[in-house]
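Comments concern the structure below.
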Protein chains: 2
Amino acid sequence: MLINELSKRTGVTIHTLRFYENLGLIKGKTDEEVKSNKYKQYDESLIETINWIIASKKAGFTLAEINILIQDWFNGNLTLFEKIEIAKKKIKEVDLKIKELKEVKRFLLQAKKDVEKGLC
Amino acid sequence: MLINELSKRTGVTIHTLRFYENLGLIKGKTDEEVKSNKYKQYDESLIETINWIIASKKAGFTLAEINILIQDWFNGNLTLFEKIEIAKKKIKEVDLKIKELKEVKRFLLQAKKDVEKGLC
DNA sequence: TAAATGTATAGACTATACTCTATAGTTGTG
DNA sequence: CACAACTATAGAGTATAGTCTATACATTTA
């Protein structure tokens, strides 16, 4: 598909998709047979990749971190063992973030309770 | 306490504390009695405020959002009802973030499982 | 009391992640 | 075939959140 379709199907603007492509997060390829233009074709599988990038960003990972993981995972010639280790490490990081969020929630619940009791 | 102590007790650099003070997140006051300098005194209670700012940042809130909440909460002359509503709203936001993180975790667990099964 | 350390202010600089503009060429439609 | 809509590239501009430097005083301490 062309960039316009990729943009519509992911909800990410064309500008941002190009920005991601420059960073190496995604990659389209120009059809060698077509000589008249340099329009890039984007693979169907990029939809999932981009959704994953969006989720990871929401989870607080930087694009640099996400990029390293993508490079390792898809282009890194890693052994099965190494891939499992990477997944485990990332899962730990996500668990830590969930723990931090739960602390913030506890703080908010306490504040709410204090107000309800008329303590502040 | 002076800014140096506040920095040491919160782990936030003096530069960043001043940056926060410029944004209005925290406030020190110069002792009117002392004419020789303009050294600002920071209240003991700011330690908790700053720890809360740090946690909120980790939770993905921007300084602008944190600032609005602080202004509302501490200086906003809100009714008890309004404060409870604000707390409820923030708790909902945190819950959403936790949900998003759990999705990322599910994705990672699936990837790990796929690798373990030798599917990729 | 000289030197080291601390404080205040203003402004420059950096990194991250976009977001927009300009320019040039390509494709699809009435 | 005119022209609107799409694509590519490069580079400028923006917002957020710091981080650092320079300058000028003030305070502490050996």
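Naming: A, B, ... by sequence-line order, numbering from 1 per chain. This is a predicted model, so every value here is computed, not measured.
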**Item:** Exceeds 12 heavy-atom contacts within 6.0 angstrom, atom CD of B:E48
**Value:** no
**Prompt:** Is the shortest side-chain N to carboxylate O distance from A:R18 to A:E21 below 4.0 Å?
**Reply:** no
**Under-4.0 Å salt bridge between B:E44 and B:R9** = yes
**Asked** A:F19 CZ to D:dT7 P: how many Å, rounded?
**Response** 21 Å
**Request:** Determine the contact category for A:L2: base if any of its heavy atoms lies under 4.0 Å from a base atom, sugar-phosphate if only primed atoms, P, OP1 or OP2 are that close, otherwise nothing.
**Result:** sugar-phosphate
**Message:** Strictly below 4.0 Å: does A:K35 bring a side-chain N or O up to OP1 or OP2 of C:dG25?
**Reply:** no
**Request:** Starting at atom CD of A:E65, determine the distance to atom P of C:dA15, rounded to an integer number of angstrom.
**Result:** 17 Å
**Request:** Take atom NZ of B:K8 and atom P of C:dT5, then tell me their distance rounded to the nearest Å.
**Result:** 11 Å
**Prompt:** Picking from D:dT16, C:dT9, D:dA8, which would you name as closest to the side chain of A:R18?
**Reply:** D:dA8
**Asked** Could you state the CG-P distance from A:D31 to C:dT27, rounded to the nearest angstrom?
**Response** 12 Å
**Asked** With a 4.0 Å cut-off, would you call A:E93 and A:K90 a salt bridge?
**Response** yes
**Closest to the A:H15 side chain, choosing from C:dC20, D:dT7, C:dA8** = C:dC20
**Prompt:** Does a nitrogen or oxygen in the side chain of A:K38 sit under 4.0 Å from OP1 or OP2 of D:dC6?
**Reply:** no
**Prompt:** B:L63 has a side chain; which of C:dT19, C:dA8, D:dA17 sits nearest to it?
**Reply:** D:dA17
**Asked** Within less than 4.0 Å of OP1 or OP2 of D:dC25, is there a side-chain N or O belonging to B:Y39?
**Response** no
**Message:** C:dA17, OP1 or OP2 - any side-chain N/O from A:Y20 closer than 4.0 Å?
**Reply:** no
**Prompt:** Over how many whole Å does the gap from B:I54 atom CD1 to D:dA17 atom C1' extend?
**Reply:** 14 Å
**Message:** Measuring only between side-chain heavy atoms, which start at C-beta, is B:K105 closer than 4.5 Å to B:L109?
**Reply:** yes
**Asked** Does C:dC18 have OP1 or OP2 sitting under 4.0 Å from an N or O in the side chain of A:K57?
**Response** yes
**Prompt:** Given D:dC25, is OP1 or OP2 found less than 4.0 Å from the side-chain N or O atoms of B:S36?
**Reply:** no
**Item:** Side chain of A:N4 (C-beta onward), nearest among D:dC6, C:dT19, D:dA8
**Value:** D:dC6
**Request:** In whole angstrom, give the distance that lies between atom CZ of B:F61 and atom P of D:dT16.
**Result:** 16 Å
**Prompt:** Between D:dT19 and B:T16, is there an OP1 or OP2 to side-chain N/O distance shorter than 4.0 Å?
**Reply:** yes
**Prompt:** Are A:K97 and A:F61 in a cation-pi setup, meaning NZ or CZ lies under 6.0 angstrom from the ring centre and within 45 degrees of the ring axis?
**Reply:** yes
**Length of the line joining A:L6:CG and D:dC6:P, which is rounded to integer Å** = 15 Å
**Item:** Protein-nucleotide distance (B:I14, atom CD1; C:dG6, atom C1'), rounded to Å
**Value:** 8 Å
**Minimum-distance nucleotide to B:N37 side chain [options: C:dC18, D:dA26, C:dT27]** = D:dA26
